[in-house]
There are 2 protein chains.
Amino acid sequence: MKWDALEEEPCSLARTVAVIGDRWSLMILRECFLRKRRFDAFQASLGITRHLLADRLKKLVRFGVLRRIPYMEAPKRYEYILTQKGLDLYPIIMSIVHWGNIHMVDSRGRPMLHEHKTCGKHFDPLMICSECGEPVLAKEVQVHPGPGAREAVASKGRKTKASPA
Amino acid sequence: MKWDALEEEPCSLARTVAVIGDRWSLMILRECFLRKRRFDAFQASLGITRHLLADRLKKLVRFGVLRRIPYMEAPKRYEYILTQKGLDLYPIIMSIVHWGNIHMVDSRGRPMLHEHKTCGKHFDPLMICSECGEPVLAKEVQVHPGPGAREAVASKGRKTKASPA
DNA sequence: CGATAGAGTTCTGTTTTAGAACTGTCAATC
DNA sequence: GATTGACAGTTCTAAAACAGAACTCTATCG
């Protein structure tokens with residue numbers, strides 16, 4: 001399966017994975033949320049090859065996650081800033097960081113702490129249900145096909161071809 | 001940078017990306033959360049090559065995200081089920097799906113709807129602060145180095161080498 | 001006996017990625 | 001006024017990852 005094919009899948013996970021589902025895109029986004037915005041800054045702190053960095057930035061711009069704005073004429077220089085669409089990725093980034101905090105830290109503890117400026121405390125992100133406000137657990141969630149689902153092929157038995165989410 | 005190097009980084013995001021930061025791992029996990037658990041079931045609904053599927057399953061087992069349990073002797077057959085560590089990935093999966101629901105759907109709408117069995121309603125996941133219960137926005141979060149941070153090289157000025165999170 | 005199912009492994013050829021060097025423009029320095 | 005350095009890339013080659021298809025092995029089914 002090609003990356004382009006992922007985008008076409010009737011599955012919100014696959015489509016999002018087409019945008020951010022490689023290690024470098026996620027690492028670049030980490031830098032963006034840490035207020036980095038220039039080519040060399042990304043390159044220095046990530047150790048990514050310049051070739052791939054150029055490529056990934058292009059991709060993220062193409063998907064509308066980053067915007068490329070000139071900050072200097074002659075020579076033209078650009079910086080990359082998060083669009084609203086990009087900012088909306090924050091819960092993904094935070095939940096990834098949180099999982100790492102719980103399951104991947106060594107004996108020294110967390111590399112980074114997050115302070116919620118609104119309340120002034122170090123916090124962890126918590127995922128709750130938009131309707132009842134209770135924490136959401138995998139076992140308590142039932143999925144149903146939505147309007148954008150692929151038509152189920154309805155072959156005999158319990159064999160429905162695809163499994164979008 | 002190799003995948004192994006990512007694991008070593010003093011950054012919870014990098015370490016998590018080392019585990020799930022490729023398209024197939026995320027797609028496999030989607031299937032796991034949809035209760036798929038067998039090799040051929042994964043292969044059929046993902047269209048991944050068998051080679052890569054075997055490889056990714058091995059990786060996810062090695063990282064303790066999946067457990068490989070025999071469900072049949074002679075011939076030995078195994079199925080892959082989520083460990084607690086794997087189940088804890090749910091917020092990541094859900095936030096990815098949610099972003100896709102908001103930003104990547106076509107005119108037909110969402111491919112899939114999620115029902116919170118606890119309250120019986122279709123819902124979206126919401127990320128809140130564990131301390132004050134308010135929704136968390138990127139701009140309201142300040143990061144600080146934690147105990148597991150790499151020693152900052154403290155060069156002159158505002159130039160700290162790495163940017164873990 | 002031959003066919004089918006399940007869970008992989010092996011093979012070959014194509015894509016992606018890593019790592020390093022190169023380009024081009026401007027500003028500041030020797 | 002030639003040289004160096006910052007910045008934002010592009011180009012090159014070799015190494016690694018991936019796609020697609022075929023093959024293996026055990027066991028049951030008709």
Side-chain angles (χ1 to χ4, degrees), chain A residues 1-6 9 17-18 20-28 31-32 36-62 66-81 155-159, chain B residues 1-9 14 17-28 31-32 36-62 66-81 155-159:
Chain A
M1 189 190 285
K2 302 286 167 51
W3 283 97
D4 298 3
L6 263 190
E9 289 253 317
V17 165
I20 60 159
D22 68 286
R23 79 179 125 169
W24 288 124
S25 297
L26 283 164
M27 297 293 283
I28 290 168
E31 296 302 307
C32 291
K36 293 265 174 67
R37 35 181 66 183
R38 299 191 183 171
F39 192 93
D40 275 23
F42 291 130
Q43 213 267 319
S45 51
L46 292 177
I48 184 178
T49 63
R50 306 177 72 75
H51 184 114
L52 268 204
L53 176 56
D55 187 79
R56 291 294 185 273
L57 287 173
K58 238 174 244 163
K59 189 179 100 176
L60 291 170
V61 168
R62 180 161 52 79
L66 297 179
R67 198 195 319 276
R68 185 166 175 262
I69 55 169
Y71 68 93
M72 182 177 160
E73 301 292 324
K76 278 263 187 187
R77 285 296 135 74
Y78 300 91
E79 49 187 18
Y80 297 88
I81 62 163
S155 50
K156 60 186 171 179
R158 51 192 181 60
K159 201 176 184 180
Chain B
M1 189 190 283
K2 302 286 165 54
W3 283 96
D4 298 3
L6 262 191
E7 265 177 82
E8 314 283 306
E9 290 252 318
V17 165
V19 180
I20 59 159
D22 68 286
R23 80 181 124 167
W24 289 123
S25 297
L26 283 165
M27 297 293 283
I28 290 169
E31 296 302 307
C32 291
K36 292 265 173 69
R37 36 180 66 182
R38 299 191 183 172
F39 193 92
D40 275 23
F42 291 131
Q43 214 266 320
S45 52
L46 292 177
I48 184 177
T49 64
R50 308 178 72 75
H51 186 111
L52 266 205
L53 177 57
D55 186 80
R56 290 294 185 275
L57 288 172
K58 237 174 245 164
K59 190 178 102 176
L60 291 171
V61 168
R62 180 161 51 79
L66 297 179
R67 198 194 320 276
R68 185 166 176 263
I69 56 169
Y71 68 93
M72 181 178 164
E73 301 292 324
K76 279 262 188 186
R77 286 296 136 75
Y78 300 91
E79 48 188 17
Y80 297 87
I81 61 162
S155 51
K156 60 187 173 180
R158 52 195 180 56
K159 201 178 185 180

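Small disclaimer: the values here were computed from a predicted structure and weren't measured. Quick note on labels: first sequence line is chain A, next is B, and so on, each numbered from 1.
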Original post:
Atom CG of A/Leu53 to atom P of D/dC7: distance rounded to whole Å?
Top reply: 14 Å
Original post:
Within the distance-only criterion (no hydrogens, no angle test), does the side chain of A/Gln43 pair as donor or acceptor with the backbone N or O of A/Ile48 below 3.5 angstrom?
Top reply: yes
Original post:
Where do B/Cys32 and B/Leu66 come nearest, in terms of heavy atoms and distance?
Top reply: SG-CD2, 3.7 Å
Subject >> Within 45° cone and under 6.0 Å: A/Arg38 NZ/CZ vs A/Tyr71 ring >> reply: yes
**OP:** Between A/Met72 and A/Asp22, just flag the one whose closest nucleotide in DNA chain C comes earlier from the 5' side.
**Re:** A/Asp22
**OP:** Give one of base, sugar-phosphate or nothing for B/Trp3, where a contact means two heavy atoms less than 4.0 Å apart.
**Re:** nothing
Subject >> Nearest-angstrom distance from the residue atom OH of B/Tyr71 to C1' of D/dA27 >> reply: 12 Å
**OP:** Starting at CG of B/Leu46, measure out to CD of A/Glu9 and round the result to the nearest 0.5 Å.
**Re:** 8.5 Å
**OP:** Please say which of B/Arg56, B/Lys36, B/Arg23 ends up in a side-chain contact (heavy atoms from CB on, under 4.5 Å) with B/Ile28.
**Re:** B/Arg56
**OP:** Nearest whole angstrom, please: distance from the C1' of D/dC7 to the CD of A/Glu73.
**Re:** 15 Å
Original post:
Could A/Lys59 and A/Trp24 be counted as a cation-pi pair, given that NZ or CZ must be under 6.0 Å from the ring centre and within 45° of the axis?
Top reply: no
Subject >> Side-chain donor-acceptor contact under 3.5 Å, A/Arg68 with A/Tyr80 >> reply: yes
Subject >> side chain to side chain donor-acceptor pair (under 3.5 Å) involving B/Asp40 - partner list, sequence neighbours excluded >> reply: B/Arg50
**OP:** Tell me which of B/Lys76 and A/Arg77 sits closer to the 5' end of DNA chain C, going by the nucleotide each one is nearest to.
**Re:** B/Lys76
Subject >> Length of the line joining B/Arg23:CZ and D/dC18:C1', which is rounded to integer Å >> reply: 8 Å
Original post:
Once each nucleotide of nucleotides 9-15 of chain D is scored for protein heavy atoms under 4.0 Å, what B/S/- sequence comes out, 5' to 3'?
Top reply: BBBB---
**OP:** Provide the start and end nucleotides, 5' to 3', of the part of DNA chain C that has atoms under 4.0 Å from heavy atoms of chain B.
**Re:** C/dG6 to C/dG19
